[in-house]
Amino acid sequence: MPLVTPNLLKIALAATLCIGSGAAVQAQNAAPQVQKVAAATPAPKLLVVIAVDQLSADLYAEYRSRFGGGLARLGSGVVFPSGYQAHGATETCPGHSTILTGGHPSRTGIVANNYFNLDAPRDDKRVYCAEDETVPGTSSRSGQYAPSVTKLLVPTLGDLMKARDPRAQVVSVAGKDRSAIMMGGHKADEVMWLAPGGLATYRGAALSPVAQQASTAIAGAIATARGPLTLPAECERQDIAVALDGGKGNVGTGRMARDAGDFRRFLASPEADGAVLATAAALRQARKMGEGDTTDLLIVGLAATDYVGHGTGTEGSEMCLQMAGVDREVGDFLARLDATGIDYAVVLTADHGGHDLPERNRQNAWPDAQRVDRALDPEALGKAVAEKLGLPQPLMLGEGGDYYLSKSLTAAQRKAALGELLPRLRAHPQVEGVVTKEELAAHPVSKRPADVWTLMDKLRASFHPERSGDFIIALKPRVTPIAEPGVGYVATHGSVWDYDRRVPILFWRKGMTGFEQPNAVMTVDIMPTLASLIGLPVDTATIDGRCLDLIPGPETSCR
């Protein structure tokens, strides 16, 4: 397959961080034969958790036969092709919060990428999921918030590992801050994410010397223009231009070329994933993770698939390039781990799924695919209802399905507003359902398999009484909540439907007997599964997941 990621970044990172692949091949060839993994096999020395943002089960299934690199290797292990981000708010922050906590967003408190705190001590009442809104002079706008893990209400696997043995190392590197933070947890040794200047971390914290070297190399790559990538032959059938609604241009035939300094386009390419993986490999090497007396945890968040999906949809040549790229980049990363001779285990999953843009869906067997009606915008709807009923404005704030009524309303005004809003919303042809916070609070979190959950079950798993809206709406299938396509944002996720909920969950370790289990497991099952693998006790009353047995037959890996 033609090289997709430019040589520049790989050469710069390898030279700067000493992670060349030649030694990896030699060490791999010299490694002793690995024994078959059994119930009595000692715990691995390194756990590697990889989250591929927006890698839906549908996308994985579509490309699985084409994979020949890292995703092919992981697919030879234990495969749960129909894993679930079971909750309804299928966004990046909630999804990442489930992977290493074992809890649904209703437990983690991460109900959405953004929610509203009408009591926030600042004019901007919108709160980003990975910020501390109490920091003076901040807002939820990009670049103006203080990144923080304070919104995560529960411990992560890394937190529990450190509580058992403070020598355990936890490092989290991702393309997005919310990915690195939600998986890294409260006690991680290093947490960092891609930024226009290379890498960033928490305010007031400094990057380690190795991370700073990586940051400099990444910044140099961002500052260098990139020509168009070569389209593999197997991608040519997807090289079809799709016109966007409103004459906003075309997508489907992109080659990921970018100008020097174009950070947005850098993020939407395998180059960004390669930078994250190379940085993670360098940090593992510098910190000697997996070489001590305890098990360490290396967390990797790959965001490029999500940026490609948002910017061009899931079925064009752009996504085909991205899938080839992430497969290769993960393969290179695993080869570097092989070079160490460390006994490591990997899990790969996603924070949510995704579906294609409505313009292409309408061409391909879903003629009713739509963009959301502007009349459902919380601000516009609130204004219309306030004017009709003579209520104070602004009546309502909201985003992503959560609608918050103004706290200035009297009880009578609140009742009148809901009496007008709920019937109007429920009658709208694009709305599947509307549920109030009182109804959700009275509904227990489901214990049934995620593939049979009702709408109420899905919304309840995303509901937190102190952070969720006064009522929540769910749109009908294939209604894209983007009223008008824009640059870099033509398709999205976030719905209650399975194309956004279903994700692959792959476990791999040398010596593991691979098998496939199509039953509906959940991403909240990952944390207790990994904890069992390393003999770490977990209080099952404090999580929503369960241990998944990774050994076929009567033996079990669930200790």
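Along the sequence shown, residues carry numbers from 1. Every heavy atom of this structure was used, including side-chain atoms; hydrogens, water molecules and symmetry mates were not.
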Test log, rule side-chain contact (heavy atoms from CB on, under 4.5 Å), inputs L475 and V372: CA-CA 9 Å; L475 299 176; V372 70; 4.1 Å; yes

CA sep, side-chain torsions, deciding dist, call: E91, N114, side chain to side chain donor-acceptor pair (under 3.5 Å): CA-CA 10 Å; E91 297 180 341; N114 301 287; over 6 Å; no

Derivation and outcome, salt bridge (charged side-chain N to carboxylate O under 4.0 Å, His left out), residues E131 and R126: CA-CA 11 Å; E131 72 158 320; R126 183 174 178 260; over 6 Å; no

Steps toward side-chain contact (heavy atoms from CB on, under 4.5 Å) verdict (I472, L440): CA-CA 9 Å; I472 300 170; L440 286 171; 3.6 Å; yes

Worked check of side-chain contact (heavy atoms from CB on, under 4.5 Å) between T101 and M527: CA-CA 6 Å; T101 64; M527 188 275 269; 5.6 Å; no

Full working for side chain to side chain donor-acceptor pair (under 3.5 Å) between D53 and T305: CA-CA 6 Å; D53 203 319; T305 301; over 6 Å; no

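A donor-acceptor contact shorter than 3.5 Å is absent between the side chain of T201 and the backbone of M192. Using a distance-only test at 3.5 Å, with no hydrogens or angles considered, a donor-acceptor pair links the side chain of S317 to the main chain of G254. With hydrogens and angles ignored, the 3.5 Å screen pairs a side-chain donor or acceptor of R559 with a backbone N or O of S532. Listed for the Q85 side chain is a donor-acceptor partner under 3.5 Å among the backbone atoms of D351. For the pair R448 (side chain) and V452 (backbone), a donor-acceptor distance under 3.5 Å is present. Put simply, the side chain of Q517 gets close to the backbone of N519: a donor and an acceptor are under 3.5 Å apart. Between the S148 side chain and the T150 main chain, a donor and an acceptor come within less than 3.5 Å of each other. Formation of a donor-acceptor pair under 3.5 Å by the D327 side chain with backbone atoms of G69 is found in this model. Side chain of E318 to backbone of G252: a donor-acceptor contact under 3.5 angstrom is found. A donor-acceptor pair is defined here as one N or O able to donate and one able to accept, closer than 3.5 Å; such a pair exists between the side chain of E359 and the backbone of D245.
Test L47, V171, I50, V49 against L298 for side-chain contact (heavy atoms from CB on, under 4.5 Å) and you get one pass: V171.
With hydrogens and angles left out, the side-chain atoms of T523 and T98 include a donor and acceptor closer than 3.5 Å. T156 and D159 share a side-chain donor-acceptor pair at under 3.5 Å. Looking at R107 and T542, their side chains never bring a donor and an acceptor atom within 3.5 Å of each other.
The distance from atom CG of L199 to atom OG1 of T279, rounded to the nearest 0.5 Å, is 5.0 Å. Separating the CD atom in Q322 from the CG atom in L55 is a distance of 9.5 Å, to the nearest 0.5 Å. From L100, atom CG reaches atom CG of L157 across 6.0 Å, with rounding to the nearest 0.5 Å. Here the CD1 atom belonging to I181 is positioned 12.5 Å from the OG atom belonging to S97, to the nearest 0.5 angstrom. To the nearest 0.5 angstrom, H355 atom NE2 is 11.5 Å from D58 atom CG. Distance check, rounded to the nearest 0.5 Å: OG1 of T492 to CD1 of I482 gives 5.0 Å.
Contact check on K510 versus D338 returns a salt bridge, with a Lys/Arg side-chain nitrogen under 4.0 Å from an Asp/Glu carboxylate oxygen. Salt bridge R501/D498: present, at least one basic N to carboxylate O contact under 4.0 Å. Ion pairing between a basic and an acidic side chain is recognised when a charged N comes within 4.0 Å of a carboxylate O; D368 and R362 show no such pairing. A salt bridge links K162 with D189: at least one charged nitrogen is closer than 4.0 Å to a carboxylate oxygen. A salt bridge does not link R237 to E315: none of the charged side-chain nitrogens sits closer than 4.0 Å to a carboxylate oxygen. Salt bridge present: R255 and D239 bring a charged side-chain N and a carboxylate O closer than 4.0 Å.
Residues R328 and P270 approach most closely at NH2-CB, 4.4 Å, considering heavy atoms. For G313 against A491, the heavy-atom pair with the smallest separation is CA-CB, 4.2 Å. In this structure, H464 and S106 approach most closely via the heavy-atom pair CD2-O, 3.6 Å. Across all non-hydrogen atoms, the minimal contact from L530 to F507 is CD2-CE2, 4.1 Å. A pairwise comparison of heavy atoms in P477 and W497 identifies N-NE1, 3.3 Å as the closest pair. The two residues K151 and I110 have their closest heavy-atom pair at O-CD1, 3.4 Å.
Counting non-hydrogen atoms of neighbouring residues, nucleotides and ligands closer than 6.0 angstrom, the CZ atom of R371 exceeds 12 such neighbours.
Here the side chains of M323 and R66 are not in contact, with every heavy-atom distance at 4.5 Å or above. You'll find the side chain of V173 stays beyond 4.5 Å of the side chain of I299, heavy atoms only.
In this structure, K176 forms a cation-pi arrangement with Y307, its terminal cationic atom sitting closer than 6.0 Å to the ring centre and no more than 45° off the ring axis. Cation-pi check for R478 over Y499 is met; the charged atom lies under 6.0 angstrom from the ring centroid and within 45 degrees of its normal.
Identified under the ring-ring contact (aromatic ring centres under 6.0 Å, His included) test for residues 63-114, with sequence neighbours left out: H104-W453.
Ring geometry for Y202 against W193 counts as perpendicular: the plane angle is over 60°, on a 0 to 90° scale with 30° as the lower cut.
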